[in-house]
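Heads up, the thing below is written out as structure tokens.
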2 protein chains.
Amino acid sequence: MEIKVLKNVLDRNNDQAEKNKALLRKHDLVMLNMISSPGAGKTTILEKTIPELLKTKNVGVIEGDAYTSKDAERLQKFDIPIVQINTEGTCHLDSSSVRSAFEQLDLAQLDVIFVENVGNLICPTGFDLGENIRIAVLSTTEGDDKPAKYPMLFRQAKAVVLNKVDLIPYIHFDKDGFFSDLHLLNPSVNTFEMSAFKETGVDEWINWLKAHIT
Amino acid sequence: MEIKVLKNVLDRNNDQAEKNKALLRKHDLVMLNMISSPGAGKTTILEKTIPELLKTKNVGVIEGDAYTSKDAERLQKFDIPIVQINTEGTCHLDSSSVRSAFEQLDLAQLDVIFVENVGNLICPTGFDLGENIRIAVLSTTEGDDKPAKYPMLFRQAKAVVLNKVDLIPYIHFDKDGFFSDLHLLNPSVNTFEMSAFKETGVDEWINWLKAHIT
């Protein structure tokens, strides 16, 4: 079997990401690309974030999952535009799939789009979706060693949400060590300590978001 | 740029996996491929499993990580052969990297090899390493929806370890729903409820392992 690859996959992704960026600029829209392991709490964070933002902003969501639309279904209660992308086993979204999702959204009517990427700390980091802001979510239960083990994501993130801080008393998690490793990789990163489930630390995150949404 | 792909990546992986299987057979060796999200507890499970097995068996470990050798360092205390594979950002091990690791091990002296795959619920599922047994580890904190969201892994696994059951009182985790989804995908799967950190549920797992190691 012979396959002709005329242009590198990542080059093509970057080209489309630039076009996505131009579309976002045109509509004065902020897009956030949220990356984490499976089950770190991205959807729960969105469940706590969206109703607050909806008081003053128009919010859309692009949900990336290998299979199922379980996360999108959890957000349907907000009566906002949600587009589900099923990657059929691929471990990340790419800029073309996001471009297709744009076609299902009325971009002129939105202020902010949250992209919930496929649960994965590696694959999504290579694929620029054209987002303005990349967010890493880590749950405390995954361990304090993750910045060193997954430096690409933690280097790229504009903000890191450390979720499930309510579980720290029941596990081994060296918070000082975690933040020190993180700041070594990414000195200017914004950080938020949160329990989306217990609704602690959400306000600071919302205020930071609001300051970044025009 | 033009790249000629003479043979499909997965075909090549499968060919080498068959060779790995033959080597394992030759040495009467059992290899387990452990797959989970980052931070689900694979290394902690090995920390509790290895000393028990060492009473009667010779154990080797192949550690797969995108970067760092942090997990291998945690296992060095056991004075067993450990080979670290750094995938340099690739999200899974493949059969060729495991073949290279074999060259660093005295296979004739071992009874069992644990392969700790790169933390990821998607990528490793496509790559047969030649293992005899594929194990899925899920931590309760990742959520009870994971079998439906990552069916490939849960369908393939001969056993599923549900780890961090000690945290169930502090989170939302529908254990009945989880096991019912899992058995729908994989009716014959063996399951173990464990807290490797609290050392509960480890004995049943060890006994099952011993029954599979000749």
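Note on naming: letters A, B, ... go to the chains in the order of the sequence lines (proteins, then strands), and numbering restarts at 1 for each one. Computed from a prediction, not measured in an experiment: that's the story for all the values here.
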Name of the residue among A:Arg12, A:Lys21, A:Lys19 meeting salt bridge (charged side-chain N to carboxylate O under 4.0 Å, His left out) with A:Asp128: A:Lys21

Toward chain A: residues of residues 146-162 of chain B with heavy atoms under 4.5 Å: B:Lys146, B:Ala148, B:Lys149, B:Tyr150, B:Pro151, B:Met152

Quick one: what part of B:Tyr67 sits under 4.5 Å from any heavy atom of chain A, side chain, backbone, both or neither? both

Would you please name every residue forming a side-chain contact (heavy atoms from CB on, under 4.5 Å) with B:Asn120, sequence neighbours left out? A:Asn120, A:Cys123, B:Cys91, B:Ile122, B:Cys123, B:Pro124

In the structure I gave you, are the side-chain heavy atoms of A:Lys70 and A:Asp65 within less than 4.5 Å of one another anywhere? no

Pairing donors with acceptors under 3.5 angstrom, does anything connect the side chains of B:Ser69 and B:Glu63? no

Contact class of A:Tyr170 relative to chain B, heavy atoms under 4.5 angstrom: both

Is B:Ile171 in contact with chain A via its backbone, its side chain, both, or neither, using a 4.5 Å heavy-atom distance? both

May I ask you to decide if the ring planes of A:His212 and A:Trp208 are parallel, tilted or perpendicular, using 30° and 60° as cut-offs? tilted

Could you check whether any side-chain heavy atom of A:Phe102 comes within less than 4.5 Å of a side-chain heavy atom of A:Ile62, counting everything from C-beta outward? yes

Please determine, by modelled atom types, if A:Asn20 and A:Gln16 share a side-chain donor-acceptor pair under 3.5 angstrom. yes

Below 4.5 Å, heavy-atom pairs only: which of B:Ser139, B:Ala66, B:Ser37, B:Pro38 has the largest tally toward chain A? B:Pro38

Interface residue of largest heavy-atom contact number with chain A, from B:Gly39, B:Gly143, B:Gly119, B:Gly41, under 4.5 Å: B:Gly39

B:Asn207 atom CG: more than 12 heavy-atom contacts under 6.0 Å: yes

Can you tell which part of B:Thr125 gets under 4.5 Å to a heavy atom of chain A, answering side chain, backbone, both or neither? neither

Chain A heavy atoms under 4.5 Å from B:Thr141: which part of the residue, side chain, backbone, both or neither? both

Side-chain heavy-atom pair B:Lys164, B:Glu142 within 4.5 angstrom cut-off: no

